Protein chains: 4
Amino acid sequence: MLLKIEFESDVPIYTQIKNQIIEGIALGLLKEGDEMPSIRQLASDFGINLHTVKKAYDLLKDEGFLSVHRRKGYVVTKNAFADDDFIEKLEKDLQPILANAYSRGMMQDEILKICEDILHKFKNEE
Amino acid sequence: MLLKIEFESDVPIYTQIKNQIIEGIALGLLKEGDEMPSIRQLASDFGINLHTVKKAYDLLKDEGFLSVHRRKGYVVTKNAFADDDFIEKLEKDLQPILANAYSRGMMQDEILKICEDILHKFKNEE
Amino acid sequence: MLLKIEFESDVPIYTQIKNQIIEGIALGLLKEGDEMPSIRQLASDFGINLHTVKKAYDLLKDEGFLSVHRRKGYVVTKNAFADDDFIEKLEKDLQPILANAYSRGMMQDEILKICEDILHKFKNEE
Amino acid sequence: MLLKIEFESDVPIYTQIKNQIIEGIALGLLKEGDEMPSIRQLASDFGINLHTVKKAYDLLKDEGFLSVHRRKGYVVTKNAFADDDFIEKLEKDLQPILANAYSRGMMQDEILKICEDILHKFKNEE
DNA sequence: GTGGTCTAGACCACT
DNA sequence: GTGGTCTAGACCACA
């Protein structure tokens with residue numbers, strides 16, 4: 001799995017890392033038990049600060065996507081669930097994005113199709 | 001149309017305003033030609049600074065949802081379209097959100113249903 | 001000659017009026033001695049304030065494009081010349097506009113062609 | 001590259017900054033990848049407020065002349081193109097200026113010469 | 001250190 | 001009255 005960082009994006013680097021790892025899990029590129037590259041490794045690969053990588057990893061740990069193994073370092077875990085709070089946040093995040101698309105004249109089916117296409121890229125093999 | 005600001009949120013106030021106005025347009029609460037409350041009016045209603053409101057309005061102007069009428073002030077304008085750049089951005093915005101839901105074990109249909117429900121609240125009667 | 005006012009432009013209305021009258025002169029639509037519509041007339045035609053029209057007319061008078069005739073009201077005059085101050089201002093106004101076009105990758109000939117096309121619309125019949 | 005601000009001018013300070021940076025790019029003084037002075041640096045150099053500088057930078061970002069690099073700050077980016085909208089705006093901006101010159105009795109060649117001279121100062125060597 | 005957000009308040013331009 | 005510009009200064013997020 002290959003990370004790609006956009007330094008000129010307005011999305012913070014740690015968020016980019018976090019998002020791409022979650023996407024990697026959704027796509028099946030990262031499986032439960034996989035060892036993540038070390039913080040040091042990842043930071044030097046991209047020429048970014050250790051803190052930045054650590055922040056991404058720690059957030060993922062908090063959300064249940066990673067856990068820390070004494071010897072292996074950060075390891076992929078699927079310990080994140082969609083509780084009510086998450087569902088609520090999900091709707092709150094989606095609403096403005098979908099509203100924007102709709103207000104620009106896109107048809108509901110058209111927008112839904114895009115969501116569907118994205119979802120269909122995710123692997124359902126568990 | 002009623003705006004609601006969450007001061008404790010980590011979403012910038014101007015983004016909250018911007019999003020709610022776009023949602024208002026999608027929901028049919030705001031129609032082309034409607035005059036927005038004046039910058040100062042809205043600012044004082046919420047006890048926030050006029051620059052914060054202005055930033056929200058200006059972003060909406062840049063996106064084509066508002067325009068400035070020399071006499072009426074800010075007016076709803078539906079001059080925003082879904083060009084290729086927007087579609088690309090839309091996918092880029094949706095991907096991490098949907099990936100997160102999927103990686104938490106939600107089924108594709110379940111996620112899609114949520115998108116559908118949100119979209120169905122939008123008015124399609126113009 | 002027909003004026004067209006854009007209320008949603010960021011160009012002040014009095015400037016729009018002023019510019020269009022100067023363009024009318026350049027295009028030969030307005031000739032020396034022509035009587036302008038009265039301030040009241042023009043203002044009510046467009047539903048704008050008397051002051052706004054008066055400001056446009058007065059600026060044109062100051063520049064030598066109009067003069068006030070006791071009975072005829074504002075009359076077209078060609079009493080404006082291109083002195084050194086004007087040439088200097090002309091260059092100062094053109095520079096950022098042309099620089100912008102050039103910095104966007106337009107070729108010098110391409111830009112010049114646009115200037116030429118505009119100029120060729122002007123009538124040289126004096 | 002040296003900026004010069006005229007405080008007495010009726011041209012807003014942020015516009016002056018913006019124009020001079022675009023001119024700097026056209027003249028070849030600023031090249032793709034160059035790092036701009038920080039907002040606060042530039043503001044203190046000229047004794048103006050950082051918001052004024054930020055507005056200029058942000059407008060340039062919107063037009064594609066600058067972008068924000070997460071580590072380097074604002075960086076010169078040549079991501080601005082001359083699409084149809086721009087050409088239309090260009091003509092709309094040029095028309096009143098050229099009309100004014102022409103209505104003051106300048107010959108078409110004379111005016112064109114001035115445009116040419118300005119354009120020839122711009123560097124065409126990338 | 002960088003930029004991003006927000007405030008409080010002033011003065012001006014336009015209609 | 002409207003929006004537009006500018007200031008002075010604070011606090012936060014990011015790397």
Side-chain angles (χ1 to χ4, degrees), chain A residues 5 7-17 43 46-56, chain B residues 5 7 9-17 35-44 46-59 61 66-75, chain C residues 5 7-17 43 46-56, chain D residues 5 7 9-17 35-44 46-59 61 66-75:
Chain A
I5 293 182
F7 286 98
E8 317 217 336
S9 165
D10 55 346
V11 180
I13 294 174
Y14 75 84
T15 305
Q16 294 185 40
I17 295 174
F46 290 104
I48 58 181
N49 198 297
L50 293 176
H51 299 323
T52 308
V53 181
K54 180 159 169 34
K55 178 157 188 178
Chain B
I5 293 180
F7 289 98
S9 167
D10 57 343
V11 179
I13 296 176
Y14 72 82
T15 304
Q16 295 185 40
I17 297 174
E35 301 175 21
M36 298 300 296
S38 83
I39 291 179
R40 282 163 171 80
Q41 180 65 47
L42 217 166
S44 86
F46 289 107
I48 59 179
N49 193 278
L50 86 185
H51 291 118
T52 308
V53 179
K54 180 164 163 42
K55 176 149 188 182
Y57 277 14
D58 280 347
L59 285 172
K61 187 180 77 172
L66 295 182
S67 57
V68 184
H69 184 109
R70 294 225 83 112
R71 284 208 313 264
K72 302 176 188 164
Y74 284 84
V75 171
Chain C
I5 293 182
F7 286 97
E8 316 217 337
S9 165
D10 56 344
V11 180
I13 295 175
Y14 74 85
T15 306
Q16 294 186 41
I17 296 174
F46 291 105
I48 57 180
N49 198 297
L50 293 176
H51 299 325
T52 308
V53 181
K54 181 160 169 29
K55 178 156 186 178
Chain D
I5 293 180
F7 289 96
S9 168
D10 57 342
V11 179
I13 295 176
Y14 72 82
T15 304
Q16 295 185 40
I17 296 174
E35 301 175 21
M36 297 300 297
S38 83
I39 291 179
R40 282 164 170 81
Q41 180 65 47
L42 217 166
S44 85
F46 289 106
I48 60 179
N49 193 278
L50 86 183
H51 291 118
T52 307
V53 178
K54 179 163 164 44
K55 175 149 189 182
Y57 276 15
D58 280 346
L59 285 172
K61 187 179 77 172
L66 294 183
S67 56
V68 183
H69 184 108
R70 293 225 85 111
R71 284 208 312 266
K72 301 176 187 166
Y74 284 84
V75 171

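Not measured: the values here are computed from a predicted model. By convention in this document, chain letters (A, B, ...) are assigned in the order of the sequence lines, proteins followed by strands, and residues within each chain are numbered from 1.
Residues B:Thr52 and C:Asn49 both approach DNA chain E. Their nearest nucleotides, taken by heavy-atom distance, put B:Thr52 toward the 5′ side. Residues D:Pro37 and B:Ile13 each lie close to DNA chain E; by heavy-atom proximity, the contact nearer the 5' end of the strand is made by D:Pro37. Across the interface with DNA chain F, nearest-nucleotide mapping of A:Ile48 and B:Met36 shows B:Met36 to be the residue nearer the 5′ end. Where A:Thr15 and B:Lys72 each meet DNA chain F at their nearest nucleotide, the meeting point lying more 5' is that of B:Lys72.
The closest side-chain heavy-atom distance from D:Ser38 to D:Tyr57 is not below 4.5 Å. Counting heavy atoms from C-beta outward, C:Ser9 and B:Arg70 have side chains that stay 4.5 Å or more apart. Residues B:Tyr14 and B:Asp58 form no side-chain contact, since every pair of their non-hydrogen atoms from C-beta on lies 4.5 Å or further apart.
Of the candidates F:dT5, E:dC14, F:dG4, the closest approach to any side-chain atom of B:Val68 belongs to F:dG4.
Protein atom CG of D:Asp58 is 14 Å distant from nucleotide atom P of F:dT5, rounded to whole Å. What separates CZ of B:Arg71 from C1' of F:dT2 is a distance of 12 Å, to the nearest Å. Distance D:Leu50 CG to E:dT2 P: 11 Å, rounded to the nearest Å. For the pair D:Leu42 CG and E:dG1 C1', the interatomic distance rounds to 17 Å; values are reported in whole Å. Summarising the geometry, the separation between NZ on D:Lys55 and C1' on E:dG3 is reported as 18 Å, rounded to the nearest angstrom. In this structure, B:Arg40 atom CZ and F:dG4 atom P are separated by 9 Å, rounded to whole Å. Between A:Tyr14 atom OH and F:dC12 atom C1' the separation is 12 Å, expressed in whole Å. For the pair A:Ile5 CD1 and F:dA15 C1', the interatomic distance rounds to 11 Å; values are reported in whole Å.
With D:Met36 as the fixed residue, the side chain to side chain contact (heavy atoms under 4.5 Å, CB included) test singles out one of D:Val53, D:Val75, D:Leu66: D:Leu66.
A donor-acceptor contact under 3.5 Å is not formed by the side chain of D:His51 with the base of E:dG4.
When both distances must be under 3.5 Å, the Watson-Crick or G-U wobble mate of F:dC14 is E:dG1.
Distances shown here put every side-chain N or O of D:Arg70 at or beyond 4.0 Å from the OP1 or OP2 atom of F:dC14.
The heavy-atom pair separating D:Tyr74 from D:Val68 by the smallest distance is CE2-CG2, 3.4 Å.
Residue B:Tyr57 is out of contact with every strand shown, counting any heavy-atom pair closer than 4.0 Å.
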